[in-house]
Amino acid sequence: MTAGNGRRVGSPYAPHTDADEAAMLDAIGAESAEALFDIPEEVRFDGEFGIEPTDEQELRQSIADLFAQNDDLVEFLGRGHHAHYVPSLVSDLSRRSEFLTSYTQYQPEITQGFLQVLFEYQSMLVELTGLPVANCSMYDAATGLAEAALLANRLRRGASGHRVLVPEHIHDGRLGVLENYLDGAEMEIGEYPMDDGAVDVDALADLVDDETVMVYAESPTVRGVIEENLSEIGAIAHDNEALFCLGSDVVALALLEEPASVGADVVVGEAGALGLGTAYGMGLGIFATREKFLRQVPGRLVGVSEDAADMRAFTLTLQTREQHIRKERATSNICTNQAWVALRTAMHIAWLGPDRLVNLATDAVTDARDLAERLDDISGIQAPVYDRHHFREFVAHTDQPAPAIVEDLEDRGFAVHLLDDHHLQVCVSDVNAHAADDLVAAFEEVA
Amino acid sequence: MTAGNGRRVGSPYAPHTDADEAAMLDAIGAESAEALFDIPEEVRFDGEFGIEPTDEQELRQSIADLFAQNDDLVEFLGRGHHAHYVPSLVSDLSRRSEFLTSYTQYQPEITQGFLQVLFEYQSMLVELTGLPVANCSMYDAATGLAEAALLANRLRRGASGHRVLVPEHIHDGRLGVLENYLDGAEMEIGEYPMDDGAVDVDALADLVDDETVMVYAESPTVRGVIEENLSEIGAIAHDNEALFCLGSDVVALALLEEPASVGADVVVGEAGALGLGTAYGMGLGIFATREKFLRQVPGRLVGVSEDAADMRAFTLTLQTREQHIRKERATSNICTNQAWVALRTAMHIAWLGPDRLVNLATDAVTDARDLAERLDDISGIQAPVYDRHHFREFVAHTDQPAPAIVEDLEDRGFAVHLLDDHHLQVCVSDVNAHAADDLVAAFEEVA
Amino acid sequence: VYEPLLSEKDSTTVEVDSEGVLPDDLTRDELTLPGLSEPQLARHYTRLSQMNYSVETGPYPLGSCTMKYNPSFTEDVAADPNAAVHPDRSGRSIQGSLGLLHGLQNYLADIGGMDAVTLQPPAGAAGEFTGILVAKAYHESRGDDRSEIIIPASAHGTNFASAAMAGYDVVELPSDEDGRVDMEALEAAISEETAALMLTNPNTIGLFERDIVEIAEMVHDAGGLLYYDGANLNALLGRARPGDMGFDIMHYNVHKTFATPHGGGGPGAGPVGVVDELAEFLPSPMVRETDAGYELYDPESSIGKVHGFAGNWLVLVKAYAYIARLGDEGLADASAKAVLNANYLASQVDLEVPYGPFHHEFAATAGDRDAADVAKRMLDYGVHPPTTKWPEMVSEAMLTEPTEVEDKASLDDLARAFNEAYADSDEEIESAPSKTSARRIDQVSAARNPRLSWQALGDDE
Amino acid sequence: VYEPLLSEKDSTTVEVDSEGVLPDDLTRDELTLPGLSEPQLARHYTRLSQMNYSVETGPYPLGSCTMKYNPSFTEDVAADPNAAVHPDRSGRSIQGSLGLLHGLQNYLADIGGMDAVTLQPPAGAAGEFTGILVAKAYHESRGDDRSEIIIPASAHGTNFASAAMAGYDVVELPSDEDGRVDMEALEAAISEETAALMLTNPNTIGLFERDIVEIAEMVHDAGGLLYYDGANLNALLGRARPGDMGFDIMHYNVHKTFATPHGGGGPGAGPVGVVDELAEFLPSPMVRETDAGYELYDPESSIGKVHGFAGNWLVLVKAYAYIARLGDEGLADASAKAVLNANYLASQVDLEVPYGPFHHEFAATAGDRDAADVAKRMLDYGVHPPTTKWPEMVSEAMLTEPTEVEDKASLDDLARAFNEAYADSDEEIESAPSKTSARRIDQVSAARNPRLSWQALGDDE
């Protein structure tokens with residue numbers, strides 16, 4: 001129905017003609033749609049929200065104007081939210097409405113397409129982690145980590161305690177989520193120290209005891225350090241019958257030691273670095289684990305089956321873990337997840353293929369090394385602070401106060417992380433490498 | 001195949017693995033793909049084009065940088081190339097690869113989707129023109145006009161001459177194309193005068209004679225004037241057994257007199273004003289005509305038929321008019337056309353629906369009137385120059401030299417048409433109306 | 001219709017040569033993945049997409065899932081490159097993004113009748129969990145240690161799981177014979193251990209909880225809080241607000257109410273609104289407007305984080321755009337048409353609908369037929385079936401929610417599919433579907449012998 | 001699979017009320033069009049799209065049509081809002097756009113071995129017409145009035161039509177027993193009336209015209225010009241150039257060679273390249289580089305306009321992007337793989353291929369089968385068939401061009417479809433297709449009783 005000026009009155013997405021509406025009311029035997037509402041007078045809302053309807057053209061313009069108020073900075077930012085160039089193919093095909101506007105695959109016979117994509121995503125994660133079970137997404141790395149801790153706690157009910165050990169260097173958001181998830185399970189979090197940016201293995205060994213249900217370590221760390229002692233860390237955890245949970249990301253996994261080979265029981269981390277792009281922290285949580293923990297896995301799993309014609313077919317499986325069947329005894333409350341992001345990530349991995357993916361990961365090491373060296377050449381800056389191998393990012397020490405430097409850089413069009421009074425962190429990858437020269441020049445001015 | 005750095009060597013869109021290539025060569029019995037070329041040495045090219053392969057990311061950036069060199073002007077430009085807001089739905093759905101990457105529908109059994117869209121497009125044009133036959137596209141208005149003249153000439157072989165009469169006010173591009181198309185048919189072009197921006201009907205009546213095969217008039221004209229005497233013009237043409245060809249556009253047709261009712265034998269013009277957006281002159285040529293000229297129509301036609309199961313089905317039809325069957329005796333040489341633009345235009349018309357389409361056309365009259373009035377209020381500007389009704393655009397007289405005013409406006413971020421020393425032309429529609437206040441203010445500064 | 005796996009099209013192993021990059025013992029030896037070119041991938045995913053039902057191919061009347069049309073323009077809005085910023089950007093440098101988040105906080109607060117809204121929870125269940133953590137923090141701040149959450153038996157499974165994850169015992173509440181909260185049972189369930197009652201309204205079968213004011217008083221009198229599950233908010237827009245009914249906390253399912261696409265399982269977003277008294281406990285950070293512009297801040301007694309960063313940004317943008325597009329009258333009309341559609345469809349369906357009056361969804365019963373089989377048979381009629389066998393208060397339930405986006409012709413098609421499937425023989429429905437590209441899929445064998453990756457498939461599969 | 005017409009879903013008549021806008025006699029009375037909402041349209045077009053074969057759903061081996069994969073990124077490039085400018089913008093204000101056009105002029109000149117290129121013709125046939133007009137202008141400028149264009153019988157129909165539209169008589173040239181230009185017949189055809197000879201090379205069945213240098217000399221000696229139809233340029237990239245073979249004029253089919261999407265019939269673009277001597281006759285305007293930047297200019301003796309403005313801009317942008325993406329080595333590889341694919345496919349097909357050696361395409365003969373019927377049967381095997389019954393020099397021709405984008409598996413599928421269809425019974429092929437959503441469509445009835453709009457359909461249709 002349209003108003004005199006041609007604007008559709010009411011929802012532009014409700015297709016009813018006046019004639020259809022009348023016929024429908026007639027069939028129901030109701031006076032009006034309004035009369036169908038059974039809401040007691042006392043809780044009726046008579047006010048207004050005061051939101052003006054806006055037509056599509058005007059609204060697109062006004063939101064574009066709003067976003068144009070964001071400063072156009074070249075971001076050298078990482079710390080858990082990374083982006084690489086997303087090919088057009090991914091944006092284009094992932095927007096196809098059959099993918100984008102479908103629901104969870106509760107009727108597998110008519111959703112084989114999405115199920116197959118998720119199955120392929122799981123398989124890619126299996127290859128990258130070396131672990132045989134990968135779910136088809138968590139919200140992000142933080143919630144994946146938290147779920148790993150809950151899984152560890154469920155498995156180790158015999159243990160005398162409920163402690164999870166995390167590294168001194170951990171992203172605030174990850175730690176914060178972990179705290180909230182662990183609260184209900186009456187678990188506690190212990191922190192183990194780092195030595196020159198990597199795990200202090202001896203200190204960790206001292207801290208792990210039979211109250212520990214899980215040891216968490218990252219490679220690369222939130223500060224970009226590639227951990228060199230993963231096998232030792234895994235052994236320490238296992239010696240104490242704790243699980244070893246490794247945090248990483250989908251690009252790093254293509255280059256660094258295979259998690260299965262260093263004893264990881266669960267791998268968590270971000271996969272949104274491929275396929276998603278910079279999205280204000282939105283992510284895609286990896287969750288991969290060993291076969292023996294299969295029935296404790298949170299989230300959705302796609303498996304293979306056969307249809308009535310004996311053709312291979314895909315379906316959501318092991319749903320008895322989930323809350324719509326098991327309610328409060330479910331492995332997790334996760335229901336809606338990040339399926340569409342997983343689809344995009346799988347497309348991006350497929351687009352890269354194994355060689356370009358490995359090269360992307362290799363560049364993440366060499367580009368970071370090169371940029372650190374160039375900053376280190378600047379008087380007043382020492383980089384990297386840690387004498388370690390780095391992946392994508394590194395910490396730099398500044399002789400001048402870092403807050404002022406970060407602000408000056410912002411005025412010159414660059415964003416880097418401020419860590420503390422004399423430390424900042426810089427992340428480089430294919431999406432900002434073209435501006436590395438300019439960043440170095442800006443550092444020279446402000447350092 | 002990929003190079004050491006992970007870049008695919010050769011075409012990124014040729015999928016051959018080394019193993020497949022070897023197996024294929026083996027099956028053929030050839031040493032190499034190179035050996036399959038049967039090119040005499042004397043015409044072998046040994047040089048280079050010197051075009052560096054560029055990866056997708058870098059190339060997108062470099063072309064974006066190139067386009068960013070275009071000045072960001074608000075365009076008040078029309079004169080045959082118009083744009084209205086194109087809804088997301090159109091851009092999104094028209095990009096679906098099934099539409100975008102399909103070929104002409106030579107196998108209708110597997111291309112019913114596109115055929116139906118084109119059939120619907122034809123039907124919309126039938127409604128808008130009142131004429132029973134509309135083809136599914138010409139390149140643009142200019143080539144449509146030229147084909148109309150050729151059609152008129154073929155039909156009137158008995159006439160004593162081959163003259164086409166066109167208005168004094170006609171777009172250079174349209175006239176130029178007409179000249180080139182008519183050259184081979186040994187036709188000539190006569191010009192009839194305008195009176196205050198509209199057809200000088202008496203002068204036209206004097207000029208039409210039995211050498212005239214077609215009279216062409218426009219409403220709106222290239223200067224935005226709504227022609228008031230279309231029926232008289234049609235009658236003059238018909239009294240002399242000439243065809244009456246009317247030029248218009250897809251939005252104006254929704255509001256102005258129905259071409260069939262004023263005696264138009266052929267309607268040409270631009271339909272790209274809906275669905276396409278501003279595209280540096282790219283267009284979609286309308287071609288609609290009477291049933292009796294059907295077998296003389298240039299371009300493709302989609303018709304209804306039945307399939308072997310007696311279901312309604314669509315197919316290209318009357319192909320014996322076309323050059324792949326009739327060669328030099330075809331009605332036209334047009335083969336590839338603007339099908340995908342027609343699809344977008346049909347989507348846009350459907351999205352608007354009849355009421356919003358009529359409103360868009362109504363706004364084109366009132367917005368132009370309002371803007372002309374506001375400019376007229378400025379000392380040194382008289383607008384509109386013609387005491388006529390206008391559609392979207394109008395001519396303004398400037399006391400100061402118009403070239404300087406146009407350049408000054410450009411410096412202030414606005415583009416208008418320069419006509420001559422003291423005339424310019426301004427076009428307003430939904431895509432620039434938001435900036436009308438600013439334009440008026442700029443005019444006040446420069447007039 | 002069958003599309004090979006990527007791994008069946010190509011499997012390429014690259015050796016990881018890290019010389020000059022990293023010590024060999026820090027890198028993996030090799031990586032095996034499909035190595036295909038873009039044309040091959042374009043076909044793969046295009047074909048797979050065509051093997052997937054979606055709300056742009058047909059009606060999707062999944063009760064309680066609210067699958068409505070997702071406007072195309074919101075995708076363009078969310079893809080604005082100016083909006084692609086990192087979460088660690090300084091607030092001063094992303095005033096546009098913060099402005100949108102602030103606007104959405106306000107929209108949602110107004111729509112729900114709440115005083116403050118966090119946008120951080122990345123899905124509805126995460127919103128529930130967040131809301132329960134807020135309730136817990138509230139009680140703890142008062143030194144009030146409570147152990148129970150009361151939840152109707154017909155509630156979404158996530159309600160139970162979220163409460164349990166927050167460390168609460170769940171008290172399950174039966175419904176009365178009218179299909180609504182059993183007031184006596186509620187009275188019996190409420191105690192000083194009651195941290196909160198979680199309700200959805202209209203409830204899972206579309207009935208408005210007419211006693212909601214009394215319910216709120218009972219819970220509040222016992223010191224508990226009232227939690228609103230936003231799953232069914234699409235029924236009430238502009239006509240009633242949870243805050244006005246006495247709810248203290250609520251989550252919004254933006255895909256259900258504000259048309260953000262479901263994406264085959266997500267991403268979603270589960271913003272949480274609370275009354276003033278609870279605002280200090282919301283997750284960090286929130287956005288507020290100051291004289292100097294928008295800024296991020298940490299609520300005074302914040303529970304901290306429920307997502308590593310700021311939640312599902314792209315989804316929030318789309319929700320904002322949808323709300324701004326519709327405005328007051330559009331939102332109200334969406335609810336009206338959603339309710340009209342559900343009632344009209346129910347009137348055309350031969351199956352009995354035991355409870356009413358319902359709003360945006362209804363639970364028909366398949367009676368002595370198996371609801372899941374009838375649903376499978378509906379696939380043969382070209383439509384997506386409703387949610388089946390849930391909630392349990394209706395035997396062989398077919399929980400149906402057409403939403404406002406279906407026209408009469410589409411509803412008539414749906415009704416025909418319902419009625420024909422319902423009338424088909426046992427043999428027909430048990431062997432259904434037969435007209436889909438995949439036939440009935442064996443769920444049992446999938447679970448008994450889990451094969452969850454292409455690595456797990458034998459060569460003969 | 002069947003989708004109603006928009007007009008069958010809704011037909012809304014609005015009265016045109018122009019009061020206060022225009023006098024009543026200047027406006028129409030009413031307008032009748034479908035009045036549907038966005039969800040209804042989204043489903044309509046999504047469903048229709050799924051009823052359409054495309055190069056992203058399967059191989060499209062239409063000989064001489066060169067349906068190759070269209071890279072997705074070129075769509076994004078063409079959609080750049082900064083590039084959406086009006087053709088009447090001042091040159092100084094659109095330096096970016098002019099820079100791209102200039103770059104494309106140069107790319108094409110280099111690739112074709114030409115000296116100057118116009119981008120204005122909006123399609124291949126428009127390019128032919130433009131090229132012939134240039135030839136005509138050249139001859140006329142010398143006071144040389146010529147009346148004939150020589151064209152091989154196997155040429156595209158548009159060659160004939162374009163020559164005729166330019167006012168020339170067509171002299172049709174038979175091929176020799178090797179499938180190439182019959183040199184004796186050519187000798188006989190050439191005269192002082194010869195304005196031009198139009199050739200494609202490799203020719204329509206993929207054979208290189210080995211005598212091209214001699215042919216060029218013959219034509220030039222008679223004062224004629226040599227025109228190259230760019231339809232088959234995808235076979236030669238980086239290995240031979242029309243300009244080096246003696247061609248004076250050529251058009252480029254950008255969708256065939258440079259992967260701009262065909263769009264179900266268009267838009268295309270048909271740039272025309274010429275040797276130095278003819279550059280002054282090209283259409284107006286052209287782009288050149290000066291010290292002050294890029295500028296538009298009119299060639300000295302320009303033929304004027306062949307398009308109202310500057311041709312199909314969006315298509316030109318995509319062609320530019322494709323060429324820049326591939327570069328020298330990519331372009332050369334595309335040709336190599338196109339030729340490899342054609343030769344491999346031919347080796348796997350049971351049908352006889354009477355001529356060779358061919359390059360990027362080959363004409364198999366269906367022998368005593370009806371090629372069009374065999375093609376219809378191929379639809380049942382899920383692939384798009386080749387071009388049939390053309391050129392006539394091969395009886396029951398199946399002109400096949402897989403292009404470089406098919407992999408071996410896809411070519412094997414295609415060969416299987418060829419061979420099985422070819423082996424099927426007469427009855428099977430005559431009633432084919434039977435597995436497609438529409439069965440064999442009656443072309444004769446469509447033409448005998450033209451129904452070209454929904455207005456022309458009776459109520460029973």
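Convention: sequence-line order gives letters A, B, ...; per-chain numbering from 1. Just so you know, these numbers use all the heavy atoms, side chains as well, and skip hydrogens, waters and symmetry mates.
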Segment of B/T317 engaging chain D (4.5 angstrom heavy-atom cut-off): side chain

Residue part contacting chain B, namely of D/N70, when any heavy atom lies under 4.5 Å: side chain

Selection from B/R300, B/E56, B/R44 maximising heavy-atom pairs under 4.5 Å formed with chain D: B/E56

Which atoms of D/A163 approach chain B - backbone, side chain, both or neither, heavy atom under 4.5 Å: neither

Residue part contacting chain B, namely of D/A79, when any heavy atom lies under 4.5 Å: neither

Contact origin within D/H156 toward chain B - heavy atom pairs under 4.5 Å: neither

Structural part of B/L93 lying under 4.5 Å from a heavy atom of chain D: side chain

D/V85, part contacting chain B, at a heavy-atom distance under 4.5 Å: both

Region of B/I325 in contact with chain D, defined by heavy-atom distances below 4.5 Å: neither

Part of B/L100 lying under 4.5 Å from any heavy atom of chain D: both

Contact origin within B/L357 toward chain D - heavy atom pairs under 4.5 Å: side chain

Structural part of B/E258 lying under 4.5 Å from a heavy atom of chain D: both

B/D183, CG: over 12 other non-hydrogen atoms inside 6.0 angstrom: yes

Options B/A308, B/A142, B/A415, B/A33, ranked by heavy-atom pairs under 4.5 Å with chain D, top entry: B/A308

Residue D/N343 versus chain B: region with a heavy atom under 4.5 Å: both

Part of B/L36 lying under 4.5 Å from any heavy atom of chain D: both

B/Y13 and D/Y69 aromatic ring geometry - parallel, tilted or perpendicular at 30°/60° bounds: tilted

Engaged part of D/Y320 at the chain B interface, taking heavy atoms whose separation is under 4.5 Å: side chain

Modelled atom types, side-chain donor and acceptor of D/T158 and D/E128, under 3.5 Å: yes

Chi angles and distances behind the side-chain hydrogen bond (donor to acceptor under 3.5 Å, both in side chains) call for D/T46, D/S49: CA-CA 5 Å; D/T46 301; D/S49 77; 5.5 Å; no

Polar side chain donor-acceptor pair, D/D407 to B/H16, under 3.5 angstrom: no

Geometric class of the D/H384/D/Y53 ring pair [parallel <30°, tilted 30-60°, perpendicular >60°]: tilted

Verdict with reasoning, D/R440 to B/D307, per salt bridge (Lys or Arg N to Asp or Glu O under 4.0 Å): CA-CA 5 Å; D/R440 177 89 65 117; B/D307 74 1; over 6 Å; no

Check against salt bridge (Lys or Arg N to Asp or Glu O under 4.0 Å), D/E404 and D/K68: CA-CA 7 Å; D/E404 69 272 19; D/K68 50 167 82 172; 2.8 Å; yes

Proximity breakdown for D/L379 and chain B, heavy-atom pairs closer than 4.5 Å: side chain

Flag for B/R312-D/Y2: side-chain donor and acceptor within less than 3.5 Å: yes

Segment of B/T143 engaging chain D (4.5 angstrom heavy-atom cut-off): side chain

Residues B/E257 and D/R28 bridged, charged N to O under 4.0 Å: no

Residue, of D/A324, D/G99, D/A334, that accumulates the most heavy atom pairs under 4.5 Å with chain B: D/A324

Side chain, backbone, both or neither of D/L41 within contact of chain B (heavy atoms, under 4.5 Å): both

Carboxylate-amine/guanidinium contact D/R92 B/D71, below 4.0 Å: no

B/H81, part contacting chain D, at a heavy-atom distance under 4.5 Å: both

Pairing of D/E75 and B/R95 as salt bridge, 4.0 angstrom limit: no

CG/B/D72: more than 12 non-hydrogen atoms of other groups inside 6.0 Å: no

Test side-chain contact (heavy atoms from CB on, under 4.5 Å) applied to B/W340 and D/H262, step by step: CA-CA 8 Å; B/W340 182 72; D/H262 195 269; over 6 Å; no

Neighbour count >12 (heavy atoms, 6.0 Å) for atom CD, B/E48: no

Parallel, tilted or perpendicular, as decided by the 30° and 60° cut-offs, for the rings of B/F119 and B/F314: tilted

B/L128 portion near chain D, given a 4.5 angstrom heavy-atom threshold: both

Parallel, tilted or perpendicular: ring planes of D/H255 versus B/Y103, cut at 30 and 60 degrees: tilted

Side-chain donor-acceptor pair present, B/S137, B/N337, cut-off under 3.5 Å: yes

Proximal component of D/S97, with respect to chain B [non-hydrogen, under 4.5 Å]: both

Structural part of B/V126 lying under 4.5 Å from a heavy atom of chain D: both

Chain B contacts, top residue of D/A438, D/P87, D/G304 (heavy-atom pairs, under 4.5 Å): D/P87

Structural part of D/A166 lying under 4.5 Å from a heavy atom of chain B: backbone

Check: B/F99 ring centre within less than 6.0 Å of B/F114 ring centre: yes

Contact leader toward chain D among B/Q122, B/E407, B/M24, where contacts are heavy-atom pairs under 4.5 Å: B/M24

When B/A141, B/A27, B/P354, B/G353 are compared by non-hydrogen pairs under 4.5 Å with chain D, the top option: B/P354

Which atoms of B/E120 approach chain D - backbone, side chain, both or neither, heavy atom under 4.5 Å: both

Heavy-atom pair count under 4.5 Å with chain D, highest-scoring of B/P108, B/C335, B/A313, B/A330: B/P108

Residue D/M165 versus chain B: region with a heavy atom under 4.5 Å: both

B/E42 versus chain D, the contacting section by heavy-atom distance below 4.5 Å: side chain

Region of B/L175 that comes under 4.5 Å of a non-hydrogen atom in chain D: neither

Closest-packed option against chain B by number of heavy-atom pairs under 4.5 Å, given D/V16, D/T32, D/I323: D/T32

Lys/Arg N to Asp/Glu carboxylate O, B/E410 vs D/R89, below 4.0 Å: no

Heavy-atom pairs under 4.5 Å with chain B, option from D/L314, D/V170, D/T57 with the top count: D/L314

Chain B contact via D/D76 - which portion, at a heavy-atom distance below 4.5 Å: both

Portion of D/N341 that has a non-hydrogen atom of chain B nearer than 4.5 angstrom: both

Distance-only side-chain donor-acceptor flag, D/S453 / B/S123, under 3.5 Å: no

